[in-house]
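Take a look at the structure below.
Treat the numbers as computed from the prediction; the structure is a model and nothing was measured. Chain letters run A, B, ... following the sequence lines, proteins first, then strands; residues in each count from 1.
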Protein chains: 2
Amino acid sequence: MKSPSQSRDRGIPEATVARLPLYLRALNGMAERGVATVSSEDLAMAAGVNSAKLRKDLSHLGSYGTRGVGYDVEYLVYQISRELGLTQDWAVAIVGVGNLGRALANYGGFVSRGFRVAGLLDADPEVVGDDIAGLNVEHIDVLEAVIERRGVSIVVLATPAVAAQEVCDRVVAAGVTSILNFAPVVLSVPDGVDVRKVDLSIELQILAFHEQRKAGGPLMAVDSQ
Amino acid sequence: MKSPSQSRDRGIPEATVARLPLYLRALNGMAERGVATVSSEDLAMAAGVNSAKLRKDLSHLGSYGTRGVGYDVEYLVYQISRELGLTQDWAVAIVGVGNLGRALANYGGFVSRGFRVAGLLDADPEVVGDDIAGLNVEHIDVLEAVIERRGVSIVVLATPAVAAQEVCDRVVAAGVTSILNFAPVVLSVPDGVDVRKVDLSIELQILAFHEQRKAGGPLMAVDSQ
DNA sequence: ATCCCTTTGTGAAGCGATGCACAAAGTCGG
DNA sequence: CCGACTTTGTGCATCGCTTCACAAAGGGAT
Ligand SMILES: NC(=O)c1ccc[n+]([C@@H]2O[C@H](COP(=O)([O-])OP(=O)(O)OC[C@H]3O[C@@H](n4cnc5c(N)ncnc54)[C@H](O)[C@@H]3O)[C@@H](O)[C@H]2O)c1
Ligand SMILES: NC(=O)c1ccc[n+]([C@@H]2O[C@H](COP(=O)([O-])OP(=O)(O)OC[C@H]3O[C@@H](n4cnc5c(N)ncnc54)[C@H](O)[C@@H]3O)[C@@H](O)[C@H]2O)c1
C-alpha cells in the first residue's frame, strides 16, 4: 500500500528516465537549427518513439506543453536537463586506461555536456604518467584521494574483468554510488549503489540470435534500437 | 531426453534472449573451474538474477534440467550457445576506425566466441592502410565488396554521428540486417533490420539522474545492472 | 464572442515480464 | 522398494510499460 502523500511525485518511471536523454539530444539538434517549438509528433519521430509515449514521458516532468501548439524547444531542453541533473557538473574518473579507457578519455562527446573527466587511473607502471587528452594517468594507489579531493561522483570501470570487482569495492568504500561498468562481470554492490553496464559481447550475441532466426524461419518481428 | 523435433518453440521473449549471454558467461566460468552441475539457485546468483526467472528463461529452450540435481553445465553451455547461434562463426565488419573503432578491433574478448572481425573500413586516407590487430584498414569505397565477399552479416558502426545514417543505408543496401551502432543518432532502417545501440552518453545521464535524486531526497530505490 | 482547428494530457485497456508458491519429478540412503 | 529430501518447471497473481482514443485546452480567424 502506498501512502497518499500529496507531495511532489518524484516517481518517474525508469523507462522514461532512459528515454529523456534521447529527447534531449533531439531537442538540442532542433535548437541548433533554430526551431522554436515542436509538436509531440515531430519530436517523437526525431527520437524514434511513439508520440503517445513521448507525451506521457514528458507529463511526468510537468505540463510544459501548450495545447494546439506544442513544446517550446529551449524551455523543454532546460526542464529535461534539470531533471536529469545536467545543470550541474559531474566529475568522472576512468579506471583502467587500456584500449577502451583511452578511447573514452579521448572522446569529446560526453565531456561537452555536464560530465568532466577528473581523473585517469591505472595499475600498470608503463601507463601511469602518460598524458591522455590533457590528463595525466595516475596510479591506482591514489584512487581514494582522487575521488575525495576532486569530488568524483561517477566512476567508469574499464579494467580487465578480473580486477573490476576489487576496484568496484574500493570506489564504493570511497563513497561513490554511481558506476558505469565496461568489464564483462556482474558486479556485486551494496544497496544504494547504482551500476550500469555496457557489454559489447552481449549486444553481439543478441544480434546473432536474431540473425540466426532470420536465416531459419520466415516469421519474425525485429528492430527496437 | 528431448528430440530435436521440428516444433521448436521459436517464441523466446526478448527479455530472456538478453539474459542468455549472461547465463552463458557464468556457465563458461563454472566449466573452466571444473563444475559439473549447477542448481538454478547458484547459477542465478552468479548471473545476478532471480532464480525463478532463470528457470523460466531456461524453460523456453527446453527441459534441460534434472529435478533434485540441477543443470549439467557443459550441456547447458551447448544448448544456450546453439540457441544464440554461437555454434557458427559470424563475420563482423567495423566501420569507422577512430578511437573507439581501434579499441574494438584490438579487443580480444568477442573475437574469442563466435565472432570474427572480417573487415575494418574508414574514409580517412590517413587511416586507410594501417594495420590494426593484424587487419588492414580498407577504404569505405570497398564496403559492399567486403561485405559480400567475406560474408559479413553484422556491422559495427563507429563513425561520427553525421556519417552513421549514410553508412547504415549502404550496409543495409548491401544486405546486412544486423547493426551495432555506437554513434549517438537514431538510425532509420527498414523492417527486418535489427539495430542495437550502445550509448555511453545516455548511460551517464541516467546515472546522473539517480545521483541527483540520492543527493536530494531520502526516498529511493536503486541498482539494477 | 464564437467557431474551428490543432495538439496536449490522461483514463483505460492491452501486453509482456516478474516473482511467488507448489506440485511433479527426480535422487539417494537405508 | 520406500520414504525423505532436493530442485525443477509452471500456473497464477501482479506489476510496470505501451498504446489507443478522446475530452480538454489553447490559438487564430472572422
Ligand atoms: N576494448 C573493447 O573494445 C572492449 C569492448 C567491450 C568490453 N571491454 C572490456 O573493457 C575492459 C577494458 O578493455 P581494454 O580493451 O581496454 O583492456 P586493456 O587490457 O587494454 O586495458 C585494461 C587496463 O586496465 C589496467 N588495469 C588492470 N588492473 C587494474 C587495476 N586493478 N586497477 C587499475 N587499472 C588496472 C591495465 O593496466 C590496462 O591498462 C575489459 O574488461 C574488457 O573486457 C573492452
Ligand atoms: N570514443 C568513445 O569513447 C565513444 C564513446 C561513445 C560514443 N562514441 C561514438 O562513437 C563514434 C566514434 O567515436 P570515435 O571517438 O572513435 O571518433 P573518431 O573521430 O576518433 O573516429 C571516427 C572514425 O570514423 C571515420 N569516418 C568518418 N566518416 C566516415 C565514413 N563516412 N565512412 C567510414 N568511416 C568514416 C573517421 O575517419 C574516423 O577514423 C562517434 O559517433 C562517437 O560519438 C565514441
Side-chain angles (χ1 to χ4, degrees), chain A residues 1-2 9-20 22-23 27 30 35-73 75-76 79-80 83 206 220-225, chain B residues 1-2 8-20 22-23 27 30 35-73 75-76 79-80 83 206 210 220-225:
Chain A
M1 291 298 170
K2 278 277 189 266
D9 186 6
R10 281 294 185 206
I12 298 182
E14 192 56 35
T16 295
V17 173
R19 281 187 296 266
L20 290 179
L22 226 52
Y23 305 151
L27 286 165
M30 289 171 178
V35 178
T37 65
V38 64
S39 69
S40 63
E41 198 69 48
D42 291 351
L43 181 51
M45 180 82 69
V49 303
N50 178 296
S51 73
K53 180 151 62 180
L54 174 108
R55 287 197 299 276
K56 185 149 287 187
D57 282 344
L58 294 184
S59 77
H60 288 293
L61 315 191
S63 274
Y64 298 139
T66 307
R67 292 167 194 239
V69 177
Y71 301 88
D72 182 278
V73 173
Y75 186 56
L76 199 50
Q79 290 297 344
I80 295 180
E83 196 65 52
I206 295 171
M220 48 199 167
V222 200
D223 193 285
S224 62
Q225 307 224 3
Chain B
M1 279 293 114
K2 198 77 163 66
R8 300 245 186 77
D9 186 0
R10 288 293 188 193
I12 298 182
E14 193 56 34
T16 295
V17 173
R19 281 187 297 266
L20 290 179
L22 226 52
Y23 305 151
L27 285 166
M30 290 172 177
V35 178
T37 64
V38 64
S39 69
S40 63
E41 198 68 48
D42 291 351
L43 182 52
M45 181 81 70
V49 303
N50 178 295
S51 72
K53 181 152 59 181
L54 174 107
R55 286 198 298 277
K56 187 153 289 187
D57 282 344
L58 295 184
S59 77
H60 288 293
L61 314 190
S63 272
Y64 297 139
T66 307
R67 290 167 196 239
V69 177
Y71 300 88
D72 182 278
V73 173
Y75 186 56
L76 199 51
Q79 290 298 343
I80 295 180
E83 196 65 51
I206 295 172
H210 291 300
M220 48 196 167
V222 200
D223 193 287
S224 62
Q225 307 225 2

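Residue-to-nucleotide contacts include a donor-acceptor pair under 3.5 Å from the side chain of B/Lys56 to the base of C/dG19.
Minimum heavy-atom separation, A/Ser40 to A/Ser51: O-CB, 3.9 Å. Scanning both residues, A/Ile206 and B/Ala18, for their nearest heavy atoms gives CD1-CA, 3.7 Å. Contact record, A/Tyr23 with A/Ala47: CD2-CB, 3.7 Å, taken as the closest heavy-atom pair.
Taking the side chain as every heavy atom from C-beta outward, A/Met30 and A/Leu43 approach each other to under 4.5 Å.
Summarising the geometry, the separation between CG on B/Asn50 and P on D/dC15 is reported as 16 Å, rounded to the nearest angstrom. Rounding to whole angstrom units, NE2 of residue B/His60 and P of D/dG9 are separated by 12 Å. Following rounding to the nearest Å, A/Asp57 (CG) and D/dG16 (P) show an atom-to-atom distance of 16 Å. If you measure from atom NZ of B/Lys53 to atom C1' of C/dA17, you get 8 Å, rounded to the nearest angstrom. Look at CD on B/Glu14: it is 8 Å from P on C/dA17, rounded to the nearest Å. Nucleotide C/dT10 holds its P atom 14 Å from the CG atom of A/Leu54, rounded to whole Å.
By the side chain to side chain contact (heavy atoms under 4.5 Å, CB included) test, A/Thr16 pairs with A/Ile12, A/Pro13, A/Arg19, A/Leu20, A/Asp57, A/His60, sequence neighbours left out.
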- Message: I'd like to compare against my own output: the B/S/- annotation of nucleotides 3-9 of chain C with a strict under-4.0 Å heavy-atom distance to protein.
- Response: ---BBBB
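Pairs of residues two or more places apart, or lying in two chains, never qualify as salt bridge (charged side-chain N to carboxylate O under 4.0 Å, His left out) while including a residue from residues 38-56 of chain B.
Contact annotation for B/Ala52: base contact, defined as any heavy-atom pair under 4.0 Å involving a base atom.
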